[in-house]
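What follows is a single structure, written as structure tokens, with notes after it.
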Amino acid sequence: MRATFAGIMPFWHEQLDRWQQAWRNEGLPALPRVSLTPPDRQGILTFNIFPLLSHFRGNAQAAAEAVLRPIPHIQHSEVIKGFLNLHFSVEFWRDFLTAVLERAEQGYTRTAIAQQEHLMIEYPSPNTNKPLHLGHLRNLCMGESVSRLWERLGARVVRANLVNDRGIHISKSMLGWKKFFAPLTPETARKKGDHFVGDCYVAFEKAYKEQVDALLAQGMPESEALIQAPLFQEAQHLLRLWEKGDPETLHLWKTMNDWVYAGFDATFARLGIRFDKVYYESQTYTEGKKIVEQGLQAGLFYRAEDGSAWADLSAEGLGQKILLRRDGTSVYITQDLGTADLKFRDYPTLTRSVYVIGNEQDHHMRVLIALLRRLGRTWADKVYHLSYGMVELPTGRMKTREGTVVDADDLLEEMHARAYELTDPNLPEEERHAIAEAVGQGALRFYLLRTDPSKNIVFDPAESIDLKGFTGPFLQYGYVRAQRLYEKATQSHLPPNPSPYAETLHPIEESLLQQLYALPSFLESAATTYNPALLAHYGYELTRRFNELYQNLPVLHAEKAVGAFRLMLVVAYQKAIGAVLEALAIPLPAKM
RNA sequence: GCACCCGUAGCUCAAUUGGAUAGAGCACCAGACUUCGGAUCUGGCGGUUGGGGGUUCGAGUCCUCCCGGGUGCGCCA
């Protein structure tokens, strides 16, 4: 159901419903595709009527007439090849701008088209042995933006985080602490908790590698050396102690995890991200084991001779998948089964369960969904893997060993420092830092969101902190400019007026209106395709057109009727870009 | 070996999902009125869309075969 507004439907997505209904009633053989007219062509909207031509015996004019019949407020239209381009009348734009003014939050920057949707969006699901890095930042920015996009369509969203707090990697950190850092704590070491634990992990890995190298030098094959190294044996022993519930091990485990959570929370807070629900793998894996046992009894899975549990997914083209080790302990997919169940038990009304996870787990997620189907979970088809590409450096992939991992906290600091240099030295220190934080994050977050999620991105530090061109600060600057202009107009008692001052608009005005008009459809497609990059491109193009107007057409220094109308365009732009930035989770600076 | 993803200007990315003359940013070059904030705006340079074949009114997009890069694939999480 789409909202109605006193019979006037000035927004694209609202009009489209009505037009399509009329076209069906008229018996058109196919519905024409509607799109924005490209900038180098005359028009606002373009209808692709090529598919209709055969029905009208090649008479393009007749086809165009049929398409145009239900569309009011057309000023002018023309047919070129299979394309029908139209301009709206100034009355249409008056209605459009009036509607923007009166109900920007209901039908324009926010709609109700996904009111029935209830989503859980899981991100970023970190391991607890290392601090967050650049890859997590991409995940966090994307998860947050997709959440906000759906909320703008009226959906309810549960932001969920799944903490991987269990497994051999934690044992390694614990051993690292015992051997090289005890009795230090993050406080006494003056380190953020997640970084402190990360140091423990790295110290372990370094010592472990030395042992492996020594064994290799003795002529032991690598596969064996990795297992025979004393430190690895100790780590496995510690993991078994943990599973048995050894009090001392559990205490250390809990203490170190709390250090990590404190560190994570600080980073999440800096990014303005909070979660409605947190799952811990240590609590969900037992649930997963139960599910596997049930599946075995039901004959959906099978036991191998050594006692390990398996699923045969060869019919789905996914081969054999192990579900429990021969000693009965769980593997990663086991807890995933448990967590998936818990999600729908905790929130039975979910219509979509989204996992924001890197594309290296494409296969894993396919297996998970296939297993859920096999288990007869009716909601299995509601599970969606929002897969995204890796973040690489110009020198290649980030590698822990080579120390090329870009730390999230360090990067946020660097962005802040870089932006701070460009702030006005005459401002109070506190304000300079507030602006630097907004602009620094704006640059980084836009940079991480502007590329199609499925593609890998190459993180060029120099380019990411750029403030010119296709960047976050470009959009922020447009927002600030519009804000300032509006304030000045208010001071000089110039109110915005949606009524055009003439029968024909300036091409620059019309170009901005065209882009403003398309906002709801971009919000819709960005959300439903889980692709914030669409909105990033939209916001850039919108701001480019606004800057064009700002630079070339006077507002405060124009005739009163002209200025009042242009001010209305400024106001509409400001509402639109504000919504875009909010949906991308990019901060809105008051000044910059 | 098998599966999936990717390949577009020097670099980073688009292309309304099969539609018009493949567009932006960065970089480089040349410009912007004694007006609203120059983190801006206006031009210019830059392409055999990795390659061949096919499908049709029409292909960067679809099918196929190569080339190149990436990620996974029975006990890491």
Side-chain angles (χ1 to χ4, degrees), chain A residues 33-41 46 48 50-51 53-54 80-83 85 125 127-129 164-170 281 304 306 308-311 317-327 329-333 335-336 358-364 366-367 387 389-390 392 394 396-397 419 422 439 443 447 450-452 454-460 462-464 466-471 473-474 476-478 480-481 484-485 488-489 492 518 521-522 525 529 533-534 536-537 540-541 543-544 546-558 563 566-567 570 591-592:
Chain A
R33 280 244 152 66
V34 190
S35 55
L36 291 182
T37 307
D40 55 336
R41 306 263 162 189
T46 292
N48 184 343
F50 220 109
L53 290 185
S54 60
I80 304 174
K81 296 186 194 172
F83 299 97
N85 300 327
S125 304
N127 290 351
T128 55
N129 62 327
N164 298 120
D165 61 346
R166 188 198 72 92
I168 190 76
H169 60 289
I170 314 296
E281 194 194 317
D306 64 1
S308 53
W310 295 78
L318 296 167
Q320 310 293 315
K321 178 67 186 176
I322 189 161
L323 303 174
L324 290 174
R325 296 191 186 96
R326 80 190 89 175
D327 62 4
T329 59
S330 65
V331 293
Y332 190 51
I333 195 94
Q335 64 81 26
D336 263 324
N359 63 11
E360 72 272 11
Q361 293 200 39
D362 283 355
H363 182 261
H364 176 85
R366 241 172 256 149
V367 168
S387 168
M390 307 187 331
E392 294 169 338
R397 195 179 177 178
L422 298 169
V439 173
Y447 186 83
R450 71 185 196 184
T451 306
D452 188 291
S454 70
K455 295 193 174 172
N456 289 357
I457 59 183
V458 177
F459 184 84
D460 183 342
E463 199 178 317
S464 68
D466 210 333
L467 312 173
K468 294 178 299 194
F470 186 44
T471 68
F474 181 89
Q476 291 174 312
Y477 186 65
V480 169
R481 271 181 145 181
R484 189 69 68 247
L485 193 50
K488 290 218 165 157
S492 54
S521 78
F522 274 88
S525 50
T529 61
L534 291 177
H537 280 93
Y540 172 76
E541 181 62 23
T543 299
R544 203 189 60 67
F546 167 73
N547 279 331
E548 200 178 358
L549 180 129
Y550 187 95
Q551 196 79 23
N552 295 303
L553 302 178
V555 178
L556 301 180
H557 302 278
R566 285 184 187 152
L567 185 63
V570 172
K591 279 186 195 171
M592 58 189 284

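Just so we're on the same page: letters track the sequence lines, and every chain starts at 1. Just so we're clear, the structure is a prediction, and the values are computed from it rather than from any experiment.
Using a 90° window around 0 for the glycosidic torsion, U61(B) falls outside it and is classed as anti.
The partner of A3(B) is U71(B), judged by Watson-Crick or G-U wobble contacts that both fall below 3.5 Å. Partner assigned to A9(B) is none, using Watson-Crick or G-U wobble distances below 3.5 angstrom. Nucleotide U56(B): unpaired (no Watson-Crick or G-U wobble partner with both distances less than 3.5 Å). Taking a pair to require two hydrogen-bonding distances under 3.5 Å in either a Watson-Crick or a G-U wobble arrangement, A30(B) pairs with U42(B). Pairing for U16(B) is absent, with no Watson-Crick or G-U wobble pair whose two atom distances lie under 3.5 Å. Nucleotide C76(B) is matched to nothing when pairs are restricted to Watson-Crick or G-U wobble geometry with both distances under 3.5 angstrom.
Defined by atom type and a distance below 3.5 Å, a donor-acceptor pair is missing between the side-chain atoms of T471(A) and D466(A). In the model, R41(A) has no side-chain atom that pairs as donor or acceptor with a side-chain atom of T37(A) under 3.5 Å. R166(A) and S330(A) form a side-chain donor-acceptor contact under 3.5 Å, judged by distance and modelled atom types alone. A donor and an acceptor atom, one from each side chain of H169(A) and N164(A), are nowhere located under 3.5 Å apart. Side-chain contact check for T128(A) and D165(A): no donor-acceptor pair (N or O, by modelled atom type) lies under 3.5 Å.
Comparing the C1' positions of A24(B) and G47(B) gives an interatomic distance of 15 Å, to the nearest angstrom. Of the P atoms belonging to G31(B) and C13(B), the separation is 33 Å, rounded to the nearest Å. Taking atom P in both U34(B) and U17(B), one finds a spacing of 47 Å when rounded to whole Å. The P atoms of A77(B) and G60(B) are separated by 47 Å, rounded to the nearest whole Å. Annotation: G74(B) and C11(B) have their C1' atoms spaced 43 Å apart (nearest Å). Using atom C1' as the reference point in both G72(B) and A15(B), the two lie 30 Å apart (nearest Å). Here the separation of U61(B) from G19(B), taken at their C1' atoms, is 11 Å to the nearest Å. For the C1' atoms, the distance linking C73(B) with G7(B) amounts to 23 Å, nearest Å.
Rounded to a whole Å, the CG atom of L53(A) is 15 Å from the P atom of G58(B). In this structure, D362(A) places its CG atom 12 Å from C1' of C6(B), rounding to the nearest Å. Whole-Å rounding puts the E392(A) CD to C5(B) C1' distance at 12 Å.
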Quick one: do E392(A) and K455(A) satisfy salt bridge (Lys or Arg N to Asp or Glu O under 4.0 Å)? Show the steps, please.
CA-CA 11 Å; E392(A) 294 169 338; K455(A) 295 193 174 172; over 6 Å; no

Distances under 3.5 Å only, N/O to N/O: pair up the protein atoms with those of nucleotides 15-20 of chain B.
residue, atom, partner, partner atom, Å
U17(B), OP2, R33(A), NE, 3.1
G19(B), N7, N48(A), ND2, 2.9
A20(B), O2', R41(A), NH2, 2.6
A20(B), N6, T46(A), OG1, 3.2
A20(B), N6, N85(A), OD1, 3.2
A20(B), N1, N85(A), ND2, 3.3
A20(B), N3, R41(A), NH1, 3.4

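Within the 3.5 Å criterion, the main-chain N or O of R325(A) finds no donor-acceptor partner in the side chain of T329(A). No donor-acceptor distance shorter than 3.5 angstrom exists from the side chain of N127(A) to the backbone of N129(A), with no hydrogens or angles considered. Side chain of T529(A) to backbone of S525(A): a donor-acceptor contact under 3.5 angstrom is found.
F50(A) has its ring centre no less than 6.0 Å from the ring centre of F83(A).
The heavy-atom pair separating V331(A) from I322(A) by the smallest distance is CG2-O, 3.7 Å.
As judged by a 4.0 angstrom heavy-atom cut-off over every strand, N456(A) is placed among residues touching the sugar-phosphate backbone only. Using a 4.0 Å heavy-atom distance criterion, L323(A) is classed as making no nucleic acid contact.
Each of N547(A), T543(A), V570(A) was checked for a side-chain contact (heavy atoms from CB on, under 4.5 Å) with R481(A), and the lone residue meeting it is N547(A).
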Starting at the 5' end of nucleotides 28-41 of chain B, put B wherever the base has a protein heavy atom under 4.0 Å, S where only the sugar-phosphate does, and a dash everywhere else.
----B--BBBSBBS

Using a 4.0 Å heavy-atom cut-off to protein, can you give one letter per nucleotide of nucleotides 71-77 of chain B, 5' to 3': B if the base is in contact, S if only the sugar-phosphate is, - if neither?
SSSBBSB

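Note on ring orientation: taking the six-membered ring where Trp is involved, the planes of H537(A) and F470(A) are tilted (angle from 30° to 60°).
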